[in-house]
Colleague: 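A single structure is presented below for examination.
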Amino acid sequence: MPDSPSDFIRDMVRADVAAGKHGGKVVTRFPPEPNGHLHIGHAKAICVDFGVAKEFGGRCHLRMDDTNPTTEDVSYVEAIKRDVKWLGFDWGEHLYYASDYFQRFYDLAEKLVERGRAYVCDLPDEEFGRSYRGTITEAGKDSPYRTRTPAENLELFRGMRDGKFKDGEKVLRAKIDMSSPNMKMRDPPLVRIKHAHHYRTGDSWCIYPLYDYAHCLEDSFEGVTHSLCTMEFESARELYDWVISATEVPHVPQQTEFARLNLTYTVMSKRRLLQLVEQKRVSDWDDPRMPTIAGFRRRGYTPESIRDFIGRVGVAKNLSTVDVALLESCVRDDLDRRSPRVMCILKPLELVIESFPENEVEELEAPHWPAGTEPGADIAENLRGSRKLPFSRTLLIDRDDFAEDPPAGWKRLAPGREVRLRHGYFVTCTRVEHEGGQVSRVICTHDPATRGGIASDGAKNVGTIHWLSAAHAKDVEVRVYDRLFTTENPGSDESTDWLLELNPASLTVVRAKGEPCLAQAEPSARFQFERVGFFTADPDGKPGAPVFNRTVALKDAWARQTAKAAPTKAAPLVSQPATTEDKKPAAPLSPEANALVTAHGVTAGEARVLVQDAVLGALFAAAVAAPEGEALAKQIASVLVNDLLGEMRAKKIDALPFDGKALVELVQLGQAGTISTKQSKDVLAEMIASGKPARAIVEAKGMKQIASADALGPIVDQVLLANADVVARYRGGNVNVFGAIVGLVMKQTKGQGNPKVIADLVKEKLA
RNA sequence: UCCGGCGUCGUCUAAUGGCAGGACAGAGGAUUUUGAUUCCUCUUACGAAGGUUCGAAUCCUUCCGUCGGAACCA
């Protein structure tokens, strides 16, 4: 079993399950809007949603988030279902539609109205935005309709439902806070009027809920425990929680955000993908150059390779653009194991073997699979073993495998040079014929002793090229796909048209020649064209007239080497702009903070926090006022700011169960040497959790500090002996492991050793 | 500019105060009837400055950068 992935989401879910949250159950959902095709970015969400559910024994729902009738269609529903299935995920019985909940959304909205948590607003959209919402820096003001009574609102809301108003004439708003720093909380619309036909509910509704109102309720209705979405919904989370709480629905789901996937050399936004299709820059949504699931499928990608890719990308919150080379590496890796090898000539050049009889045809045995590779169950019968290759006097080779004037390092054919024809014979070029200024025919002799490609004299360092018998080769159409864009981040420069960054050579159609077995290839059959790349049969092909898409090229060390030898661009001579980090000076300390610095000798940074944070400030004041507090003011401030603040943030708490006197006691224990600074942090955490006094905690846990070198010495010796490898690394010059050695001793003493004494001992013993 | 998020090799991602690890990309080499595959070796990173600590990528402060948020879209 591959090692199961670990990331911040899985860590959170694991902790929730362990804590018995939701009875230890895990329910996730993948909620696309059926208004477009799924792309590789969705594949990440699908893998995360379904993957997390599966790993924790839960389930994942497929939910069509179809709350906007004007954009959605059943054809998208079908495409989405097919794509999710193809990726290898199964929602079982759990296919849901937001549109099935319209009545429930409505009923809960009536309840909000009755409770005075929502109101009907008559302000037109633009006017609300212009005159009431405010800006990011200024608070908004209340809508004049905000004070309508629940009864009045109820009647109007029912009127909305009954079609008494036109689109945009009225809207149901949440009554929250027009001065919230989070714009999402400034009385957001919950339900709008739309006289439009819905692809599922027809004309039964003329009001439709908005995302922020509907989505959290959908999650709640379905018992979703972990609602995983992308980062742009982060500021919507506050509203998500508001709706759940205001509607008083019994099940409370939790939203968590992660970064969406971006890929180099491609665009991912629905808007841009649509533009590519509509402007016929690509053939359709499933054009093999599109980053859609359908595009990757047609290109010949396997679902396994895409899942592997998503796994390797990982899940985090960083904005990221993954190198498409990683995806290509994943698909090569997968295809290498599952593709039969065949020969196909993309740029045919005639090769005549003078020494071979005119009308003779020989059959040579050639395995479809490299040694050690077994064909999978899905491989056609005729491709499972080996095939007979016809060999005759007139062959075809690839133009790229012949050079009249070969560069240094050339291992292919050239005048006077010998190469191996794969599975065939060694041939030597004797002369060349030209036509119209270019090579038209290569004349060779063959070595009959090398039949099957086996070197007669054990010669190893001979290049190998692929070939076909001219008379037996079949016509095949090959579509060579390359990256759709020439730039790593198309559209990142707003000042230019992103369409200008399209790669004009993203598709090259080649009339190629292939082995006989290719003529009958079933659509979606996959091959490796040896020395060229991985290809898949396209549905456009017909029996006898096959079409192949290049999924991905083989790695090509020779091409890389030659590209490097001939630099394409002159190095830019622009000098690096000086990195003058013009620094804004830190804001000056407030008078209150200054007073703390002069009165108690705390640092400026600490004073700043104590002034700014009311809870900590009050605690500090109480502590220094307590008996013996003033003498310890500096230490108290340090504990408060450097330890307590971080602890409170991590645990998301804003009130403390102990007072200033308790804090003084903790600091005193540290000053007296009863406990170490490390232990002091543990005690502090315990004080936050239980509110017990420091001394009681210390006694209950039997904490003490071992500071005597006599007691610590033997332990240090033992650790040094047991970790000879670490010690060796320290002696080798890695000073960083010093801390690790101290840590190991600390662990031995169960945290009771005095780290300073230990550090001195270690230093002394390793000197 | 307000609120929020995020800053680790070229790229993506680990580390839960104690040896900055992995993958891809790149470089070099071995094997090879695919200049492929496979195998080995190597280069390269904690945004900056302060503070707390025996010890900081990790805790605190300030600054810098970057992304998201002011749709009757999702």
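We name chains A, B, ... by the order of the sequence lines, and we start the count at 1 in each one.
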Colleague: Check the distance between B:rC59's P and A:I688's CD1 and give it to me in whole angstrom.
Modeller: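 Rounded to whole Å, this separation is 15 Å.
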Colleague: Any side-chain heavy atom of A:T562 within less than 4.5 Å of one from A:P407?
Modeller: no
Colleague: Do A:D333 and A:S305 have side-chain atoms, one donor and one acceptor, less than 3.5 Å apart?
Modeller: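 Judged by distance alone, the side chains do not pair up.
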Colleague: Nearest whole angstrom, please: distance from the C1' of B:rU52 to the CG of A:L684.
Modeller: 14 Å
Colleague: Please answer whether the main-chain N or O of A:V322 pairs with a side-chain N or O of A:S320 as donor and acceptor at a distance below 3.5 Å.
Modeller: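 Pair absent, no side-chain N/O of A:S320 close to backbone of A:V322.
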Colleague: So A:W369, base contact, sugar-phosphate only, or nothing? Heavy-atom distance under 4.0 Å.
Modeller: nothing
Colleague: Sub-3.5 Å donor-acceptor pair from the side chain of A:N723 to the main-chain atoms of A:I741, do we have one?
Modeller: no
Colleague: Without hydrogens or angle criteria, can the side chains of A:R337 and A:T373 be said to hold a donor-acceptor pair below 3.5 Å?
Modeller: no
Colleague: Is it the case that B:rG35 (base atoms only) and A:R531 (side chain only) share a donor and an acceptor within less than 3.5 Å, ignoring hydrogens and angles?
Modeller: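 Such a pair does not exist between side chain and base.
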Colleague: Can you give one letter per nucleotide of nucleotides 69-74 of chain B, 5' to 3': B if a protein heavy atom sits under 4.0 Å from the base, S if only from the sugar-phosphate, - if neither?
Modeller: BBSBSB
Colleague: Taking atom C1' in both B:rG18 and B:rU53, compute the distance separating them and give it to the nearest angstrom.
Modeller: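 These two C1' atoms come out 12 Å apart once rounded.
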Colleague: Within the side chain of A:R332, is there an N or O that forms a donor-acceptor pair under 3.5 Å with the backbone of A:A553?
Modeller: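 Here the side-chain-to-backbone pair exists.
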Colleague: Which residues pass the side-chain hydrogen bond (donor to acceptor under 3.5 Å, both in side chains) test with A:R10, not counting sequence neighbours?
Modeller: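 So A:R10 forms a side-chain hydrogen bond (donor to acceptor under 3.5 Å, both in side chains) with A:D7, A:E55.
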Colleague: Does the side chain of A:R649 get closer than 4.0 angstrom to OP1 or OP2 of B:rC60 through an N or O atom?
Modeller: yes
Colleague: Scan the side chains in residues 641-648 of chain A for donor-acceptor partners under 3.5 Å anywhere in the protein, sequence neighbours excluded, and list what turns up.
Modeller:
unit_1, atom_1, unit_2, atom_2, d
A:N642, ND2, A:S638, O, 3.3
A:N642, ND2, A:S638, OG, 3.3
A:E647, OE2, A:K651, NZ, 2.5

Colleague: Quick one: sort the A:F128 and A:Y132 rings into parallel, tilted or perpendicular, breaks at 30° and 60°.
Modeller: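 Rings of A:F128 and A:Y132: parallel, under 30°.
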Colleague: For B:rU44 and B:rG22, measure between their P atoms and round to the nearest Å.
Modeller: 13 Å
Colleague: Between the side chain of A:E606 and the main-chain N/O of A:T603, is any donor-acceptor distance below 3.5 Å?
Modeller: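 It does hold such a pair.
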Colleague: Could you measure between the two C1' atoms, the one in B:rG69 and the one in B:rU11, and give it in whole Å?
Modeller: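 After rounding to an integer number of Å, I get 28 Å for this pair.
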Colleague: Got a sec, which residues hit ring-ring contact (aromatic ring centres under 6.0 Å, His included) with A:Y240, two or more places apart in sequence or on another chain?
Modeller: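 Result, ring-ring contact (aromatic ring centres under 6.0 Å, His included) vs A:Y240: none returned.
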Colleague: Using a cut-off of 6.0 Å, state whether more than 12 heavy atoms not belonging to A:E365 lie near its atom CD.
Modeller: yes
Colleague: Pairs in or reaching into residues 180-190 of chain A: which pass salt bridge (Lys or Arg N to Asp or Glu O under 4.0 Å), with residues at least two apart or in two chains?
Modeller: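 Those involving residues 180-190 of chain A are A:R146-A:D187, A:K184-A:D212.
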Colleague: Produce the list of close N/O pairs, under 3.5 Å, pairing protein atoms with atoms of nucleotides 36-45 of chain B; give distances to one decimal.
Modeller:
unit_1, atom_1, unit_2, atom_2, d
B:rU37, O2', A:D336, OD2, 3.2

Colleague: To the nearest angstrom, how far is A:Q612 atom CD from B:rU61 atom P?
Modeller: 8 Å
Colleague: Atom pairs, N/O to N/O, protein against nucleotides 53-56 of chain B, distance under 3.5 Å?
Modeller:
none

Colleague: Without decimals, in angstroms, what is the distance between A:F309 CZ and B:rA25 P?
Modeller: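 Computing the A:F309:CZ to B:rA25:P distance gives 13 Å.
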Colleague: In whole Å, what is the span from the CG atom of A:D177 to the C1' atom of B:rC2?
Modeller: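 Result: 14 Å.
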Colleague: Mind telling me whether A:W558 and A:W410 have parallel, tilted or perpendicular rings, with 30° and 60° as the class edges?
Modeller: perpendicular
Colleague: Counting runs of three or more consecutive pairs, Watson-Crick or G-U wobble, with each distance below 3.5 Å, where are the stems of RNA chain B?
Modeller: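 B:2-7 with B:64-69, B:10-13 with B:21-24, B:26-30 with B:38-42, B:47-51 with B:59-63 - these are the stems of 3 or more pairs that involve RNA chain B.
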Colleague: Between B:rC72 and B:rG65, how many Å separate the two C1' atoms, rounded to a whole number?
Modeller: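 Taking atom C1' in both B:rC72 and B:rG65, they lie 36 Å apart.
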Colleague: Tell me, please, which residues at least two apart from A:H466 pass ring-ring contact (aromatic ring centres under 6.0 Å, His included).
Modeller: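 Result, ring-ring contact (aromatic ring centres under 6.0 Å, His included) vs A:H466: none returned.
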Colleague: Where each residue is assigned the nucleotide of RNA chain B containing its nearest heavy atom, which of A:E234 and A:I454 is assigned the position nearer the 5′ end?
Modeller: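 The 5'-side residue here is A:E234.
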Colleague: Please measure how far the P atom in B:rA49 lies from the corresponding atom in B:rC9, and state the result in whole Å.
Modeller: 16 Å
Colleague: Can you measure A:R10 atom CZ to B:rU13 atom P for me and round it to whole angstrom units?
Modeller: 14 Å
Colleague: May I ask you to list the residues of residues 314-322 of chain A, by number, that have any heavy atom positioned under 4.0 Å from an atom of RNA chain B?
Modeller: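 A:V315, A:A316, A:K317, A:N318, A:L319, A:S320, A:T321, A:V322, in order of number.
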Colleague: For B:rU61 and B:rA14, measure between their P atoms and round to the nearest Å.
Modeller: 24 Å
Colleague: List in chain and number order the residues that pass ring-ring contact (aromatic ring centres under 6.0 Å, His included) with A:Y425, two or more places apart in sequence or in another chain; answer none if no residue qualifies.
Modeller: A:F391, A:H446
Colleague: A:L640 has an atom CG; how far is it from atom P of B:rC59, in whole Å?
Modeller: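 Nearest whole value for this atom pair: 18 Å.
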Colleague: When you compare the side chains of A:D66 and A:S99, does any donor N or O come within less than 3.5 Å of an acceptor on the partner?
Modeller: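 Present: a donor and an acceptor within the cut-off.
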Colleague: Counting side-chain heavy atoms from CB outward, which of B:rC2, B:rA25, B:rG35 is closest to A:T137?
Modeller: B:rC2
Colleague: Any base atoms under 4.0 Å from A:G453, or only sugar-phosphate, or nothing? Heavy atoms, all strands.
Modeller: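 Answer is base: heavy atoms of A:G453 come under 4.0 Å of a base.
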Colleague: Could you tell me how far B:rU8 sits from B:rC46 if I compare only their C1' atoms? Round to whole Å.
Modeller: 4 Å
Colleague: When the P atoms of B:rG10 and B:rU38 are considered, how many whole Å apart are they?
Modeller: 25 Å
Colleague: If I take atom CG in residue A:L589 and atom P in nucleotide B:rC60, what distance separates them, rounded to the nearest angstrom?
Modeller: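 Answer to the nearest Å: 19 Å.
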Colleague: Under the ring-ring contact (aromatic ring centres under 6.0 Å, His included) test, which residues partner A:H368, sequence neighbours left out?
Modeller: none
